[in-house]
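Source: prediction; values computed, not measured. Every chain is numbered from 1, with letters handed out A, B, ... down the list of sequences.
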There are 2 protein chains.
Amino acid sequence: MKPTESEMEILQVLWNKGQCSVREVFETLDKKDVGYTTILKLMQIMHEKKMVIRDTSSKTHIYTANINKEKTQNQFLNKMIDTVYNGSTSRLVMQALGNHKASKEEIDLIKDYLNQLENK
Amino acid sequence: MKPTESEMEILQVLWNKGQCSVREVFETLDKKDVGYTTILKLMQIMHEKKMVIRDTSSKTHIYTANINKEKTQNQFLNKMIDTVYNGSTSRLVMQALGNHKASKEEIDLIKDYLNQLENK
DNA sequence: TCAAATCTACGAAAGAATTCGTAAATACAA
DNA sequence: TTGTATTTACGAATTCTTTCGTAGATTTGA
């Protein structure tokens, strides 16, 4: 039920773009070392698992994500908090913030968010 | 180079306890459905990969983590931000905070941390 | 001492995930 | 029309991860 890493990459594209042909997904994630049919196969498997739905009315099938983005992200997040951060959400968050990846703008966003949380 | 999920669980124990025999790890993670030799094998593989070091001077070998906790956690975190949150640290953080898993205390911790960040 | 318990080593099976080759169908354009 | 492109379907190979059985060594304690 939990998407694999590759499936996650594909879902990412589908969530962003709404709907895509296999080729669009393939080109969006231009992974140097994977062939077109690999992505095709993965998406077919995802279809079997009902992670995506597809419109087969024309030759080129059009895929759409069929699982909830936030729910799926949360699933990964919780797993990660458990196995990587020993159950501590705050440690994860602080590490994410101390990270070079978090920009000033992002930190401001988070402050606003915390204030909102507080006022409830 | 990146630990697998099982390896991560074992590293977790080693990071927490400092050093352990296989049996200690086995008991700490008491997974109902995995045998002792499975954990042993995993730890032997981790040794081959130099993820852990071990003292073999007595019959019962004693293992210690040989990779950096923070660095390894960051590796997972960054991967996750990319493949699950489309590169957005703030989205990950906000979702973690909105999560049932983040308690009041944890949120306070994070506020302090943000203030510290600010004063630098 | 010797048997039971505990440990390591190691190969191999089982399971999961990824990868791709090839064939057949369809569309497209010269 | 005819051949080139693109697409799907699908089986099979490959690779990665997890699992365990068995054998042999060591320790322990009755």
Peer 1: Kindly give the heavy-atom pair with the smallest separation between A/S88 and A/I81, and that separation in Å.
Peer 2: N-CG2, 3.8 Å
Peer 1: Check the phosphate of D/dT7 against A/R23, side-chain N and O only, distance under 4.0 Å to OP1 or OP2. Yes or no?
Peer 2: yes
Peer 1: Need the glycosidic conformation of D/dA5: syn if within 90° of 0, anti if not. Which one?
Peer 2: syn
Peer 1: So B/T38, base contact, sugar-phosphate only, or nothing? Heavy-atom distance under 4.0 Å.
Peer 2: base
Peer 1: Starting at the 5' end of DNA chain C and moving along, which residue's nearest nucleotide shows up first, A/G35 or B/K59?
Peer 2: B/K59
Peer 1: With rounding to the nearest 0.5 angstrom, report the OG1 to NE2 distance, B/T56 to B/H61.
Peer 2: 5.0 Å
Peer 1: Under 4.0 Å, heavy atoms only, any strand: does B/T37 hit a base, just the sugar-phosphate, or nothing?
Peer 2: base
Peer 1: Which of these passes side-chain contact (heavy atoms from CB on, under 4.5 Å) with B/I110: B/N115, B/V93, B/L97?
Peer 2: B/L97
Peer 1: For B/S58 and A/Y63, find the nucleotide of DNA chain D closest to each by heavy atoms; which residue's nucleotide sits nearer the 5' end?
Peer 2: A/Y63
Peer 1: If the cut-off is 4.0 Å, is A/Y36 near the phosphate of C/dT19, judged by side-chain N/O to OP1 or OP2?
Peer 2: no
Peer 1: Are OP1 or OP2 of D/dA9 and a side-chain N or O of A/H61 less than 4.0 angstrom apart?
Peer 2: yes
Peer 1: Tell me which of B/K41 and B/V22 sits closer to the 5' end of DNA chain C, going by the nucleotide each one is nearest to.
Peer 2: B/V22
Peer 1: Describe the nucleic acid contact of A/Q44 in one word from base, sugar-phosphate, nothing, applying a heavy-atom distance below 4.0 Å.
Peer 2: base
Peer 1: Please determine if a side-chain N or O atom of B/S6 lies less than 4.0 Å away from the OP1 or OP2 oxygen of D/dT18.
Peer 2: yes
Peer 1: Is the number of heavy atoms from other residues, nucleotides or ligands under 6.0 Å of A/K2 NZ greater than 12?
Peer 2: yes
Peer 1: For D/dA5, give its Watson-Crick or G-U wobble partner with both distances under 3.5 Å, or none.
Peer 2: none
